[in-house]
Amino acid sequence: MPRLFCYKINDMRIAVYNSMFSLNGKSFLGNVLGHWAVHCQVNASKLLKRTDINRTMEIIKKSKADVIGICEILEEQEKEVKEKLRKLGYKYIFFSDGHNIKCGKLGIRIAIASKLECKAEKSDGFPVIDKFAGGGGFVNCYFPKLKMNVFCAHFSIPRDKALYQKQMAFLQKYVKKTTGKLVLMGDFNKSHKKLKPYFLGLELASGCHKSCSATPILKTVHFKDDDHIFVRDIKFSKSGCMVGHSDHKLIYADLI
């Protein structure tokens, strides 16, 4: 029987997951060929044949998250993702645009899915560039009965310092102008240690779980806490991570 919500923050699970387009990041070859298909292969239909939305749904179901931010969804996957999320009990699902990729000019999307009532707020202006790792977008949802905002962001890779700083400036401004209870989550492509100075008014609820890369071989090169959940004016208890098919682990935090 599904849990009955009383619209209180206590006993709520928040999660964030970079789904890697529902490709297979559990194997080194699957990861490499999948990313090659996304960023180099022009035939979009061949790319989509490599993906399997059920991979993403499996770990979301396992997470038992009440609210989840999902990074790296392809434009052509939106309809199926939405349909399958609804079957898992997520009634409120909102997408936002990231950068476009070379493959068939498909766009990258970011989403927040919730089992609790919420509405999307206007959140235009997050800087992205149409190139590899040019930024996956930003989405903001407001939960009226909880008087709480939830943000989800997907940053570019830090070596593009100019773009990364523009994205960070946008987000800092957005956090500053938003009053009250706040959850900020996403794929920041940076460790908490490096992010902490940017969000001094927020607390890290998700712990420093090493979330990327979860792919064999690649994690010997890069294995850091890239995905985070920050909160303001909200108490939290435990946090954890789960491994699915993506090259990122799913990160979650329980609010109390």
Can you confirm whether I101 sits close enough to L74 that some side-chain heavy atom of one is under 4.5 Å from a side-chain heavy atom of the other?
yes

Is K193 salt-bridged to D225, cutoff N-O under 4.0 Å?
no

Nearest 0.5 Å, please: how far is CZ in R13 from OH in Y252?
4.5 Å

State the OH-CG distance between Y17 and L250, to the nearest 0.5 angstrom.
7.0 Å

Would D160 and K131 count as a salt bridge (Lys or Arg N to Asp or Glu O under 4.0 Å) if you check the C-alpha gap in whole Å, the side-chain angles of each, and the deciding distance to 0.1 Å?
CA-CA 11 Å; D160 188 336; K131 66 174 188 177; 2.6 Å; yes

Go through K196 and K194 one step at a time and tell me if the side chain to side chain contact (heavy atoms under 4.5 Å, CB included) criterion holds.
CA-CA 6 Å; K196 192 174 181 179; K194 293 182 178 179; over 6 Å; no

Would H248 and D226 count as having a side-chain donor-acceptor pair, cut-off 3.5 Å?
no

Closest non-hydrogen atom pair, S156 against G134:
CB-C, 4.0 Å

Side chains of N140 and S123: donor-acceptor distance under 3.5 Å anywhere?
no

Just checking, any donor-acceptor pair under 3.5 angstrom between side chains of T56 and S22?
yes

Tell me the closest heavy-atom pair linking R232 and T179, and the distance in Å.
NH2-C, 3.6 Å

Taking the side chain as every heavy atom from C-beta outward, state whether I110 and I70 have any pair of such atoms under 4.5 Å apart.
no

Between N24 and H245, do the side chains contain a donor N or O and an acceptor N or O under 3.5 Å apart?
no

Face-on cation placement of K166 at Y164 ring, 6.0 Å and 45° thresholds
no

Minimum heavy-atom distance between D187 and H154, given as atom pair plus value
OD2-NE2, 3.3 Å

P216 versus K26, closest heavy-atom pair with distance
CD-O, 3.3 Å

E121 side chain to Y142 backbone, donor-acceptor under 3.5 Å:
no

Nearest-0.5 Å distance, CG of residue L146 to SG of residue C118:
9.5 Å

Hey, could you give me the CD1/CE distance between I59 and M242, rounded to the nearest 0.5 Å?
7.0 Å

Using only heavy-atom distances, determine whether the side chains of T215 and N31 contain a donor-acceptor pair under 3.5 Å.
yes

V231 vs L255 side-chain heavy atoms within contact, under 4.5 Å
yes

Report whether L33 and F28 are members of the same hydrophobic cluster (ILVMFWY, side-chain heavy atoms less than 4.5 Å apart, transitive linking).
no

Would you mind checking if K181 and D233 are paired as a salt bridge, meaning a charged N to carboxylate O distance below 4.0 Å?
no

Can the positive tip of K115 be found less than 6.0 Å from the middle of the six-membered ring of Y90, inside 45° of the ring normal?
yes

So which of F236, F199, F151 actually passes ring-ring contact (aromatic ring centres under 6.0 Å, His included) with F230?
F199

Hey, are the side chains of L85 and M57 touching, using non-hydrogen atoms and a 4.5 Å cut-off?
yes

Taking only Lys NZ, Arg NE, NH1 and NH2, and the carboxylate oxygens of Asp or Glu, determine whether E80 and K84 approach each other closer than 4.0 Å.
yes

Could you give the distance from CD1 (I129) to CG (L163), rounded to the nearest 0.5 Å?
4.5 Å

Side-chain heavy-atom pair F95, V81 within 4.5 angstrom cut-off:
yes

Parallel, tilted or perpendicular: which one describes the rings of F126 and F170, with boundaries at 30° and 60°?
perpendicular

4.5 Å side-chain heavy-atom contact, S114 and F94:
no

Close side-chain approach of S211 and F223, heavy atoms under 4.5 Å:
no

Is the closest basic N to carboxylate O distance between R109 and D97 below 4.0 Å?
yes

Give the minimum heavy-atom separation between M185 and I68, together with the two atoms involved.
CE-C, 3.9 Å

Side-chain contact test, heavy atoms from C-beta onward, threshold under 4.5 Å: evaluate it for F21 versus L47 and give yes or no.
no

Quick check: is V150 connected to I229 through a chain of hydrophobic side chains (ILVMFWY, heavy atoms under 4.5 Å apart)?
yes

Just verifying a value: how many Å separate Y198 OH and L184 CG, rounded to the nearest 0.5 Å?
14.0 Å

Between H209 and C241, the two heavy atoms sitting closest are ND1-SG, 4.1 Å

Please determine whether residues L182 and I251 belong to a single hydrophobic cluster, defined as Ile, Leu, Val, Met, Phe, Trp and Tyr linked transitively by side-chain heavy-atom distances below 4.5 Å.
no

